[in-house]
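So the structure is just underneath, and the comments pick up after that.
All chains are named by letter (A, B, ...) in the order of the sequence lines, taking the proteins before the strands, and each is independently numbered beginning at 1. Owing to the predicted nature of the structure, the values given are computational and were not obtained by experimental measurement.
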There are 2 protein chains.
Amino acid sequence: MQYLKIKDAIVEQIEDGMLTARQKLPAERKLAEAFDTTRVTLREALSMLEAEGRVYREDRRGWFVSPEPMSYDPTQTLNFTNMALAQQRQPRTELLAAKQVLASKHAAKKLELPPFSDIYRVDRVRYLEERPVLYVTNFIRAELFPDLLKRDCSRNSLTDIYREHYGVEYQRIRYRITTSSLQGEIAQALRATAGTPAMVVERINYSQTGELIDCDIEYWRHDAITIDSIAELSA
Amino acid sequence: MQYLKIKDAIVEQIEDGMLTARQKLPAERKLAEAFDTTRVTLREALSMLEAEGRVYREDRRGWFVSPEPMSYDPTQTLNFTNMALAQQRQPRTELLAAKQVLASKHAAKKLELPPFSDIYRVDRVRYLEERPVLYVTNFIRAELFPDLLKRDCSRNSLTDIYREHYGVEYQRIRYRITTSSLQGEIAQALRATAGTPAMVVERINYSQTGELIDCDIEYWRHDAITIDSIAELSA
DNA sequence: TCTACTCTTTGGACTATACCAATATTTAGG
DNA sequence: CCTAAATATTGGTATAGTCCAAAGAGTAGA
């Protein structure tokens, strides 16, 4: 089982600091030669390291050393930007689309609305140190936020807009965490190869008055995140 | 991209009910022939389905259709058995080892104890419908539970023993969720191939009096679980 | 009927190679 | 010096086998 040795060798180089976070590994053909094996076996080893979250790849660009994951507490309202800054990371957000649409079956169900209701849909990609790590889609009950899209969604966080312009704040969050893999446009937006392991966080958010506000689906590159939280039991 | 067609064909068969939960897929060689391709490509497709959580494999035994994941709320004290029963699933637990050991560096740190302290270590494998899905290791502060190992750990849940014999209950839980992959003994115990995607849940549990009781590391087959919880924000 | 041994099938791992399209790099041109 | 076109490199996908050890099935013996 030769790929174990390859794995270990690469892990050692990472831990010894020969390879540092976000650094590109040599080309597959070069690595395969260095380890005296074929690309197939080499890629087997790399895929395993990818599953462990030690390396990641960018589609057709190569393999890179994974940086430390960001710690994420779904029970905090802290938005991505503030969460990142609190951890001395460099966040950036790219707005892909913000528009009013008719609710899909899936979105309508999540928002507890009849099919084809008017909702807002906001798609964003979020970066850490210029690496795209998160693809988020928000579905928002339109009737709660008239003219939401006239606010500058590309510069302000949604939670800030909710609070400042509509007096609405998150009070209760239902979340679900699953593992899956990145496909299609989402994979592309994250510069990932289809099939890259992912962590999926789905949240449904309720306001102070118990009203359902919005829901979001987050696709994280799985090595970029660790969920970290505390639960108090009321017993 | 032929493996996409293979994926879709298999997904379709699952969704049409031709293949049902826990059913074994045909042998790789048969499938490869059926799709007119090589085993390498076929395995590529299967690995992708594995990453998506639609199929799983048992080491050297073959590929199977993933059943519905179990929903797991880390903020509930419900132990595995009750959680499973509440969801009409059939749980079983196998005790691998329960012994008093000297704390490893890692365990000592988690338990906030000096190195080489006396602790209990309990290793268990948990099954759903006779499929091994979870490998748990508990590290327990020995001084809080004299003679714990004389109780029947193989028949009773740890939380029950804590409560009934020592009057200790969980009050606060710190948890961390990561994705990784199964390796070595853990993979073996779960009948998994090394490298199988996994969800890792680490918990540190505190009692009513705020005292650190124990911690546990849970390795889940990633397709067997979805984390499902609610957070109330105190704002 | 149950156990122990044998044979066959199957998954895991690996070699060697090939083609294509998207990158990255170099070169030529304004 | 900057831009655009030509070229080289590289990752993604696929073919066609091979070898091995574990698992499963079948068989013979107690």
Side-chain angles (χ1 to χ4, degrees), chain A residues 1-10 22-51 55-65 130-132 181-185 187-197, chain B residues 1-10 22-51 55-65 130-132 181-185 187-197:
Chain A
M1 266 161 329
Q2 176 161 3
Y3 72 85
L4 285 181
K5 286 181 191 161
I6 301 176
K7 265 184 53 183
D8 290 347
I10 296 176
R22 283 180 299 281
Q23 191 178 330
K24 187 178 186 304
L25 302 187
E28 292 183 356
R29 286 171 173 84
K30 298 243 168 77
L31 280 175
E33 197 187 5
F35 289 112
D36 192 33
T37 184
T38 57
R39 270 181 73 211
V40 180
T41 303
L42 190 261
R43 280 169 67 88
E44 173 84 16
L46 287 172
S47 296
M48 207 135 297
L49 288 172
E50 182 185 44
V55 305
Y56 65 97
R57 62 174 137 172
E58 302 205 345
D59 192 53
R60 289 173 190 285
R61 237 164 299 233
W63 299 83
F64 303 81
V65 178
E130 293 309 310
R131 174 189 174 211
S181 71
L182 302 175
Q183 302 292 339
E185 335 147 57
Q188 255 181 36
L190 297 183
R191 283 189 221 141
T193 310
T196 299
Chain B
M1 264 157 331
Q2 176 161 5
Y3 73 86
L4 285 180
K5 286 181 190 160
I6 301 176
K7 265 185 53 181
D8 290 346
I10 296 176
R22 281 180 300 279
Q23 191 178 329
K24 188 178 185 304
L25 301 187
E28 291 183 358
R29 286 171 175 84
K30 298 240 169 78
L31 280 175
E33 197 187 3
F35 288 112
D36 192 33
T37 183
T38 56
R39 271 181 72 209
V40 180
T41 303
L42 191 262
R43 280 168 66 88
E44 173 85 15
L46 287 172
S47 297
M48 207 136 296
L49 288 172
E50 182 185 43
V55 305
Y56 65 97
R57 61 176 138 172
E58 300 205 346
D59 193 53
R60 289 175 187 286
R61 238 163 298 231
W63 299 83
F64 303 81
V65 178
E130 293 309 311
R131 172 189 175 212
S181 71
L182 302 174
Q183 302 293 340
E185 335 148 56
Q188 255 182 38
L190 297 182
R191 285 191 220 138
T193 311
T196 299

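In the set D/dG12, C/dT23, C/dC14, C/dT23 carries the atom at the smallest distance from any side-chain atom of A/R61. When each of D/dG12, C/dC14, D/dA14 is scored by its nearest atom to the side-chain atoms of A/Y3, the top-ranked nucleotide is C/dC14. Considering only the side chain of B/Q2, D/dT15 comes nearest among D/dT15, C/dA16, C/dG11. In this structure, of D/dG11, C/dT10, C/dA24, it is C/dT10 that holds the atom nearest to the side chain of B/A27. In the set C/dC14, D/dT13, C/dG11, C/dC14 carries the atom at the smallest distance from any side-chain atom of A/M1.
Heavy-atom distances under 4.0 Å link DNA chain C to B/R43 of residues 40-50 of chain B, given in residue order.
What separates CD of B/E28 from C1' of D/dG24 is a distance of 16 Å, to the nearest Å. Distance CD (B/Q183) to P (C/dG12): 14 Å, rounded to an integer number of Å. The separation between B/L4 atom CG and D/dG12 atom P is 14 Å, rounded to whole Å. With rounding to whole Å, A/D59 atom CG is found 15 Å from C/dA24 atom C1'.
A salt bridge (charged side-chain N to carboxylate O under 4.0 Å, His left out) with B/E28 holds for exactly one of B/R43, B/R60, B/R57; it is B/R43.
Inter-residue side-chain proximity for A/L31 and A/I6 is flagged as unmet; no heavy-atom pair is nearer than 4.5 Å. Here the side chains of A/Y56 and A/R131 are in contact, with some heavy-atom distance below 4.5 Å. With contacts defined as side-chain heavy-atom distances shorter than 4.5 Å, the pair B/T196/B/L190 does not qualify.
For A/T37 and C/dT15, the shortest distance from a side-chain N or O to OP1 or OP2 is below 4.0 Å. A sub-4.0 Å separation between OP1 or OP2 of D/dT9 and a side-chain N or O of A/R60 is absent. Here B/R57 reaches the OP1 or OP2 of C/dG12: one of its side-chain N or O atoms lies under 4.0 Å away. Phosphate proximity of C/dT9 to B/K30: absent, as no side-chain N or O sits under 4.0 Å from OP1 or OP2. OP1 or OP2 of D/dG12 lies within a sub-4.0 Å distance of a side-chain N or O belonging to A/T193.
Of all non-hydrogen atoms in B/R61 and B/K24, the two that sit nearest each other are O-CE, 2.9 Å.
The residue among B/G62 and A/T38 whose nearest nucleotide of DNA chain C is located toward the 5' end is B/G62.
Taken to the nearest 0.5 Å, the CE atom of A/M48 stands 8.0 Å off from the CG atom of A/L4.
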Quiz item: B/F35 and B/K5: side-chain contact (heavy atoms from CB on, under 4.5 Å), yes or no, with the steps?
Solution: CA-CA 9 Å; B/F35 288 112; B/K5 286 181 190 160; over 6 Å; no
